[in-house]
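Below is one structure, written out as structure tokens; the observations come after it.
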Amino acid sequence: GAGVSQSPRYKVAKRGQDVALRCDPISGHVSLFWYQQALGQGPEFLTYFQNEAQLDKSGLPSDRFFAERPEGSVSTLKIQRTQQEDSAVYLCASSNDPFGSYEQYFGPGTRLTVT
Amino acid sequence: AQSVTQLGSHVSVSEGALVLLRCNYSSSVPPYLFWYVQYPNQGLQLLLKYTSAATLVKGINGFEAEFKKSETSFHLTKPSAHMSDAAEYFCAVWNSNSGYALNFGKGTSLLVTP
């Protein structure tokens with residue numbers, strides 16, 4: 001079956017622009033995660049949804065970052081007024097268990113470059 | 001709190017040689033432990049996971065890992081490296097006290113030479 005998909009795969013933004021990154025999780029998965037992966041680093045947690053509820057947003061680095069999952073399926077990560085330090089790969093993962101503790105399935109990521 | 005330390009940001013082995021990638025964790029409660037592999041420009045793929053069952057865990061592509069509580073380790077091994085094993089490997093930990101996120105190590109880049 002289809003895995004987690006993300007779009008766009010690559011995004012170049014000028015500093016100060018707003019961007020929106022989309023994640024289509026595996027159908028039926030209740031849990032959805034966003035991670036940020038800086039160059040040469042492991043992924044770092046940003047936020048977590050269980051269905052449409054955002055249960056944890058403790059990893060969002062600033063109030064410029066906003067995520068939503070209004071119908072409990074597709075999710076969008078929005079970054080306002082992008083800064084150079086936002087350049088990273090943004091990974092989405094979904095899981096069919098409520099806490100994502102058994103296995104998270106990752107998408108290919110969106111590579112964001114802020115110039 | 002929980003954390004993961006991967007010793008060695010780069011490991012190089014010859015094709016056919018043993019692969020050993022090290023991971024040590026800290027966790028205040030029994031953890032779940034994972035190894036993920038990431039090929040260039042791709043997402044992470046689960047290799048194997050430990051979720052409090054058997055301490056020796058077998059995964060895909062001939063990899064295995066052993067959970068050693070006394071050493072707080074979860075090292076990844078493969079008896080014989082293939083060229084196709086060249087990738088970035090991440091160890092991750094989850095426990096029930098630390099919210100929902102996987103906590104990843106910084107990764108180890110595996111190079112396989114002919």
Side-chain angles (χ1 to χ4, degrees), chain A residues 2-10 21 23-26 29-51 53-60 67 88-111, chain B residues 1-10 21-25 27 29-53 57 59-60 74 76 87-110:
Chain A
V4 178
S5 61
Q6 294 184 244
S7 61
R9 290 293 314 277
Y10 303 90
L21 312 180
C23 172
D24 285 80
I26 294 173
H29 278 192
V30 299
S31 297
L32 186 145
F33 302 79
W34 283 98
Y35 292 85
Q36 180 189 59
Q37 185 176 20
L39 188 64
Q41 301 295 316
E44 293 194 357
F45 171 76
L46 293 177
T47 187
Y48 164 69
F49 290 86
Q50 190 176 107
N51 296 306
Q54 188 175 21
L55 299 187
D56 188 346
K57 55 182 180 179
S58 62
L60 296 177
V89 176
Y90 291 85
L91 295 167
C92 175
S94 70
S95 175
N96 60 3
D97 76 86
F99 300 103
S101 57
Y102 284 95
E103 181 169 358
Q104 296 182 20
Y105 296 82
F106 283 80
T110 294
R111 181 179 298 276
Chain B
Q2 59 182 11
S3 68
V4 172
T5 301
Q6 290 185 241
L7 297 176
S9 59
H10 294 83
L21 304 182
R22 300 178 186 274
C23 173
N24 288 88
Y25 70 91
S27 178
V29 297
Y32 292 174
L33 294 159
F34 305 80
W35 276 99
Y36 280 85
V37 62
Q38 187 177 33
Y39 297 100
N41 298 316
Q42 296 187 25
L44 281 72
Q45 179 184 11
L46 182 68
L47 279 177
L48 48 80
K49 60 189 176 188
Y50 166 77
T51 55
S52 74
V57 180
I60 62 172
F74 190 58
L76 181 70
E88 191 82 17
Y89 291 80
F90 293 96
C91 182
V93 61
W94 180 92
N95 74 45
S96 57
N97 283 354
S98 298
Y100 306 98
L102 288 175
N103 193 345
F104 286 88
K106 293 183 182 296
T108 297
S109 179
L110 177 65

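In what follows, chains carry the letters A, B, and so on, assigned in the order in which the sequence lines appear, proteins first and then strands, with residues in each chain numbered from 1.
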- Item | Residue pair B/W94, A/Q104: steps toward the side-chain contact (heavy atoms from CB on, under 4.5 Å) verdict | CA-CA 11 Å; B/W94 180 92; A/Q104 296 182 20; 5.5 Å; no
- Item | Distance in Å, B/L48 CG paired with A/E103 CD, rounded so as to fall on 0.5 Å steps | 10.5 Å
- Item | Neighbour count >12 (heavy atoms, 6.0 Å) for atom CD1, B/I60 | yes
- Item | Side-chain heavy-atom pair A/R111, B/N41 within 4.5 angstrom cut-off | yes
- Item | Which portion of A/Y10 sits near chain B, non-hydrogen atoms under 4.5 angstrom | side chain
- Query: Checking heavy atoms, do the side chain of B/K106, its backbone, both or neither come under 4.5 Å from chain A?
  - Reply: both
- Item | Interchain contact, B/Q6 with chain A, by part (heavy-atom threshold 4.5 Å) | neither
- Query: Counting N and O atoms only, with roles assigned by atom type, does the side chain of A/Y35 sit under 3.5 Å from a partner on the main chain of B/L102, one being a donor and the other an acceptor?
  - Reply: yes
- Determine the option with the most heavy-atom pairs under 4.5 angstrom with chain B, choosing from A/Q41, A/R9, A/Q6, A/E44. A/Q41
- Determine the minimum heavy-atom distance between B/G43 and A/L91, stating which atoms define it. CA-CD2, 4.5 Å
